[in-house]
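So the structure is just underneath, and the comments pick up after that.
What you see below is based on every heavy atom in this structure, not just the backbone, and it leaves out hydrogens, waters and symmetry mates. This one's a predicted model, so the numbers in the text were calculated from it and none came from an experiment. Throughout, protein chains are lettered first and strands after them, A, B, ... in sequence-line order, and every chain is numbered starting at 1.
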Amino acid sequence: MDTVHRPTLERSEQERVRLDKLASMQDAGIQAYPPEFRPTATTAGLHDRYANLPAGEDTTDIVRLAGRIVSRRTSGKLCFMDLVDGTHGRIQIFADLGGLGEEAFRRLTEWVDLGDILGVEGHVRRTRRGELSVQPSSWTMLAKALRPLPEKWHGLTDVEVRYRARHLDLITNPEVREAFIKRSRAVSAIRRVLDAEGFLEVETPMLHAIPGGAAARPFLTHHQALDLELHLRISPELYLKRLVVGGLERVYEINRSFRNEGISTRHNPEFTMIEVYQAYADYSDMMTLTERLVAAAATEACGGTRIPCQQHPTGFLDLTPPWPRRTMQAQVDLFLREMGHDPDALDLDARLRILVAQGGTVPREVTPGSVLAALFDCFDSRLLDPVFITDFPVEVSPLAKRHRDDPSLTERFEVFILGRELANAFSELNDPLDQRGRFEAQAAAKASGDEEAHAVDEDYLGALEQGMPPTGGLGIGIDRLAMLLCDAASIRDVILFPLLRPRA
RNA sequence: GAGACAGUAGCUCAGUCGGUAGAGCAUCUGACUUUUAAUCAGAGGGUCCUGGGUUCGAGCCCCAGCUGUCUCACCA
């Protein structure tokens, strides 16, 4: 923890040494933080360009290279350093007395510490031991590091410090950097697919007077000038559908949403979703869209749709479309049969008893639909391979359109992978009177103590009354998708700065 | 919100039965012009998470607190 929180006046021995070196540079009239250095090469670029340079071979090619010094080996009149840059290659700096001259070499060994950002200019060569190197004729301190790096072999392992001081984590642990690059690639692949299909990326408010679009406890905040209680959004859904009413027939938002709930390996209070709305589409269109988006993300981030996975018994996770589609009823029947029950012989009371025996949450209002959903929740963690669970009961789906063949169900699905919900989608409810009725049922639940129930949103109802075309809507958890692609056990491994309690 | 586990040098970690605080890397000094976890010799570096308690004596035992991790609950 000292790495993170140390009063600036209390310096460790190593920090005092570095401050002394800084002072010594300043005494010599040399800037430790100069304004400019233009590299002409990158570490990865040099490895590409000189891949075939034989060991022991020298070139006359002069390059300017900049990056962080992560390792150093001095040997009398030689000094080997490893320099790392943003392309995340590693190039050896082969500094010698002959190449630098006496003063520059002495200053190098005197002033340069592990962790400093250095610029070097020199020629490219490959050493007899086969290490591609730059032999500098000059060097420039670009940023003196006043704190030491974590240990070179074990790196930084203390998870608390890794999250609080993510910069150290990124410098030290290459796999961490790789994970965030994968996440970024996945998101840009999703953008490319949607942009190519004519979707418009939009931004909607994060400050909501009425939090809607999901069942969740919101964060509260306050606007001074308007003297207004506001909530951080729990979902952008209702605003996005207003845009569809307004004629923006294909929209999406990659959004940060906020839910005032517990923190776990699968939950961060602020998290990233993508929501997509497409007019004149329904939930089966959203299923194929989900498959396209996830496949594109996996291909871009991992090079394919079959990816390594420690949590899967086979060691792999196959995301290749198409994925099976199964109604919630059929899935629950499967579970019940696995337990030795005959689903057709179970009445509501019997199902309720099984629910209680399984340790499930008994719904506030016991109906066939709510018990079905509660039973499903008992077992959903078993769904490892991608599967669409479809046709949710209307009671638990206040924003989804009723099923065309069964008004007690909705045209809704969720995608489960590794026992976790990855996506949630439906044919959007565009019947304003039905929607009003659903809101009122939610409001009644809220009045009887359900803190997460939906409130009646008159502005949204007004928009629906204007007429929303039949629309398919889809939400995908980006953090959870990133977890899959990165084979990460914790959501904190794919969120750069997960929420932690502040240190005093 | 509940339980289990953890916190010792800049980093990674030992620390026996309660009896002077340890190692490796890093740092400092010295040697070395082909090293790459470089090597060799020497040195410095500690609020043992915090606060109480027990004890002649606490890194170690007890209590409380702080922070984190995991599991559970709520949820995506």
TODO: Check whether any side-chain N or O of A:T157 sits under 4.0 Å from OP1 or OP2 of B:rC13, and answer yes or no.
DONE: yes
TODO: Return the 5'-most residue of the pair A:E261, A:G130 with respect to RNA chain B, ranking by each residue's nearest nucleotide.
DONE: A:G130
Open item on the list: When both hydrogen-bonding distances must be under 3.5 Å and the geometry is Watson-Crick or G-U wobble, what is B:rG59 paired with, if anything?
Closed with: none
Task: Contacts of A:E121 that satisfy salt bridge (charged side-chain N to carboxylate O under 4.0 Å, His left out) - sequence neighbours left out - done: A:R64
TODO: Count the heavy atoms belonging to other residues, nucleotides or ligands that lie under 6.0 Å from CG of A:N52, then report whether that count exceeds 12.
DONE: no
TODO: If B:rG46 has a Watson-Crick or G-U wobble mate with both distances under 3.5 Å, name it; if not, just say none.
DONE: none
Task: Interatomic distance where CZ belongs to A:R147 and C1' belongs to B:rA9 [whole Å] - done: 16 Å
TODO: Taking salt bridge (charged side-chain N to carboxylate O under 4.0 Å, His left out) as the test, write out the residues that go with A:K21, two or more places apart.
DONE: A:D113
TODO: With heavy atoms under 4.0 Å as the rule, sort A:N268 into base, sugar-phosphate or nothing.
DONE: base
Task: A:H231-A:F219 aromatic ring centre distance below 6.0 Å - done: no
- [ ] Give the B/S/- string for nucleotides 68-73 of chain B, one per nucleotide from 5' to 3', where a protein heavy atom under 4.0 Å of the base yields B, of only the sugar-phosphate yields S, and otherwise -.
- [x] SSSSS-
Task: Watson-Crick or G-U wobble mate for B:rU39, both contacts under 3.5 Å - done: B:rA31
- [ ] Could you check whether A:A214 gets within reach of a base, just the sugar-phosphate, or nothing at all, counting any heavy atom under 4.0 Å?
- [x] nothing
Task: A:R185, CZ atom: more than 12 neighbouring heavy atoms under 6.0 Å - done: no
- [ ] Provide, to the nearest angstrom, the distance between the CE atom belonging to A:M273 and the P atom belonging to B:rA76.
- [x] 10 Å
TODO: Tell me whether A:F80 is stacked on the nucleobase of B:rA38, counting only the six-membered base ring and applying the 5.5 Å and 30° thresholds.
DONE: no
Open item on the list: Side chain of A:R480, heavy atoms from C-beta onward: which of B:rU27, B:rA76, B:rC25 has the nearest atom to it?
Closed with: B:rA76
TODO: Inspect the surroundings of CD in A:E365 and state if more than 12 heavy atoms from other residues, nucleotides or ligands are less than 6.0 Å away.
DONE: no
Open item on the list: Measuring centre to centre across the rings, with the benzene-like ring taken for any Trp, is A:F413 within less than 6.0 Å of A:F426?
Closed with: no
Open item on the list: Which residues pass the side chain to side chain donor-acceptor pair (under 3.5 Å) test with A:S138, not counting sequence neighbours?
Closed with: none
- [ ] Using a cut-off of strictly less than 4.0 Å, decide whether A:R128 has a side-chain nitrogen or oxygen near OP1 or OP2 of B:rU34.
- [x] no
Open item on the list: I want to check one thing: is the phosphate of B:rC11, taken as OP1 and OP2, less than 4.0 Å away from some side-chain N or O of A:K152?
Closed with: no
TODO: Decide if the gap between the ring center of A:F392 and the ring center of A:Y283 is smaller than 6.0 angstrom.
DONE: no
Between the protein and nucleotides 29-33 of chain B, are there any N/O to N/O pairs under 3.5 Å, and if so, what are the atom names and distances?
unit_1	atom_1	unit_2	atom_2	d
B:rC32	N3	A:G76	N	3.1
B:rC32	N4	A:G76	N	3.3
B:rU33	OP2	A:K77	N	3.4

TODO: Give a yes/no verdict on a cation-pi contact between A:R259 and A:F271, requiring under 6.0 Å between NZ or CZ and the six-membered ring centre and an angle within 45° of the axis.
DONE: no
Task: Given B:rU12, B:rC28, B:rG10, the nucleotide with the shortest approach to the side chain of A:D113 - done: B:rC28
Task: Within 6.0 angstrom of A:E102 CD, more than 12 heavy atoms from elsewhere - done: no
- [ ] Name the nucleic acid region contacted by A:Q92, choosing base, sugar-phosphate or nothing; use a 4.0 angstrom heavy-atom cut-off, strictly under.
- [x] base
Open item on the list: Counting neighbours of CZ on A:R72 that are heavy atoms of other residues, nucleotides or ligands and sit closer than 6.0 Å, is the number greater than 12?
Closed with: yes
Distances under 3.5 Å between nitrogen or oxygen atoms of protein and nucleotides 41-45 of chain B:
unit_1	atom_1	unit_2	atom_2	d
B:rG44	N2	A:E13	OE1	2.1
B:rG44	N2	A:E13	OE2	3.1
B:rG44	N3	A:E13	OE1	3.4
B:rG44	N3	A:E13	OE2	2.9

Open item on the list: What is the distance, to the nearest angstrom, from the CD atom on A:E110 to the C1' atom on B:rU27?
Closed with: 15 Å
TODO: In whole angstrom, give the distance that lies between atom CH2 of A:W111 and atom P of B:rC28.
DONE: 14 Å
- [ ] Measure from CZ on A:F392 to C1' on B:rA76 and round the result to the nearest Å.
- [x] 12 Å
